[in-house]
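Notes to accompany the following structure.
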Amino acid sequence: MAEVSSRAAGAIPKVRSRRDGAAVPLDELDKKLLNLMQGSFPIAPRPYAEVARLARITEDVVLRRVQRLIDERIIRQVTPIFDTRALGYSSMLVAAKVDHENPHRAARIINSHPGVSHNYLRNHDFNLWFTIATEPESRLGLDGTLDVLTELTGAESVRQLPTLKLFKIRMDLEMEKGTRDLAKAGVAEEPRELEPIELSDLDIGAIRATQGDMPVIPEPYAPAAERLGLSQDRLLEHLESMRERKALRRVAAILFHRRAGFSANGMGVWKVADDDILETGKLMASFRGISHCYERPTYPDWPYSVFTMAHGRSKEECDAILDSIAEETGIEERATLYSSTEFKKIRLLYFTDEHRRWEAEHAGV
């Protein structure tokens, strides 16, 4: 296995590997509800009643438990998860080599962009890793935006790592089962296409009305329907059509990983022969402990073409997941980059004025 490099001088990030992290104790019903809420929150008039039926408890108990899990910062939010590419946004993963003595300065500048959803310090010469999206009407676009950020941060080097092929994107943490289940291969699926779709005014209105935190009430879609001047049934019908057209991936609970007991995440990167990428990516994506799996471009100083994100209750559990993939695929040229600092993690808000304001402030456009 290839060793990740870090500079001898300067601040070296400390990998978080503490078992269970800042986890809050959860009972078996909490874990069952968290699995159900992450899987696919129903697009239905009374979705919590549907969750209650699956959990074999009452709707009132589900509502109280979910609200407590939000108050205790186990659940970050219950929200629609829209597909960035399907909505016409351009997005990519970026690796930046910034000042190792003070990466926080660069992180603050990068975080100021409203399209940055994730930003982590990782144990590599390319020490700052972030995802960024620009809206369809952006005058700078991704390349122009990255040029501005590179200049503002003084980054020594930047590597653009757009998605070439998407094998998996589904961030739900397995709350009830153990390492063996997370490290087990499942059924391989075909990679997803990433083409934008045509959006109607109602599509955009529904996105604006529903995105962000949904209320924990018996009919959580009703306030958004009222804002749109629609019946709840009409909004639900439209959200279902958006799901069928791939604009809406699902509605789900998003968790605070460490509070939920998953204190480590390892970005496993793999050198895969071009002819093997399709089948290998599908196999890697089938592992339960892998939340994201992509093909990305390579560079002379970056030979890894397939990226897999592993989430575990400890560094050891992440290692077990990635070691199982290595054993299954026979790939030896690989590396694992662990995050030491989470500078930003949000769900993007779409079709707002924030992007235009950022461009006007930082680039004068």
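What you see is a predicted model, and the numbers here were worked out from it, not measured in a lab.
- Using a 4.0 Å cut-off between charged nitrogen and carboxylate oxygen, Asp71 and Arg64 do not count as a salt-bridge pair.
- Listed for the Thr153 side chain is a donor-acceptor partner under 3.5 Å among the backbone atoms of Ala155.
- No donor-acceptor distance shorter than 3.5 angstrom exists from the side chain of Asn35 to the backbone of Lys32, with no hydrogens or angles considered.
- Both Ile74 and Val251 sit in one connected hydrophobic cluster of ILVMFWY residues. Membership requires side-chain heavy atoms under 4.5 Å apart, directly or through other members.
- The salt bridge (charged side-chain N to carboxylate O under 4.0 Å, His left out) with Asp203 is formed by just one residue from the set Arg243, Arg208, Arg245; it is Arg245.
- In this view, His362 and Trp358 satisfy the ring pair (Phe, Tyr, Trp, His ring centres under 6.0 Å) rule, not counting sequence neighbours.
- Taking 4.0 Å as the cut-off between side-chain N and carboxylate O, Glu135 and Arg356 count as a salt-bridged pair.
- In this structure, Phe351 has its ring center under 6.0 Å from that of Tyr89.
- Between the side chain of Thr131 and the backbone N or O of His118, at least one donor-acceptor pair lies under 3.5 Å.
- Applying the side chain to side chain donor-acceptor pair (under 3.5 Å) test to residues at least two apart or on different chains, none of the pairs has a partner in residues 214-233.
- A side-chain donor-acceptor contact under 3.5 Å links Asn127 to the backbone of Val98.
- Residues Lys282 and Glu279 are paired through a salt bridge, judged by an N-O separation under 4.0 Å between the basic side chain and the carboxylate.
- Not a single donor-acceptor pair under 3.5 Å links the side chain of Asp99 to the backbone N or O of Ala106.
- Thr79 contributes a side-chain N or O that, together with a main-chain N or O of Gly212, makes up a donor-acceptor pair within less than 3.5 Å.
- Both Val62 and Leu36 are members of a single hydrophobic cluster when ILVMFWY side chains are connected at heavy-atom separations under 4.5 Å.
- Salt-bridge annotation for Arg46 and Glu59: present, with a side-chain N of the basic residue lying under 4.0 Å from a carboxylate O of the acidic one.
- Between Arg357 and Glu361, none of the side-chain N atoms (NZ, or NE/NH1/NH2) sits under 4.0 Å from a carboxylate O, so this pair counts as no salt bridge.
- Across His292, Arg296, Glu295, Arg85, a single residue satisfies side chain to side chain donor-acceptor pair (under 3.5 Å) together with Thr163, and that is Arg296.
- At distances below 3.5 Å, at least one donor-acceptor pair connects side-chain atoms of Gln38 with backbone N or O atoms of Leu34.
- Side chain of Thr145 to main chain of Leu140: no donor-acceptor pair is present (N/O by atom type, distance under 3.5 Å, no hydrogens or angles).
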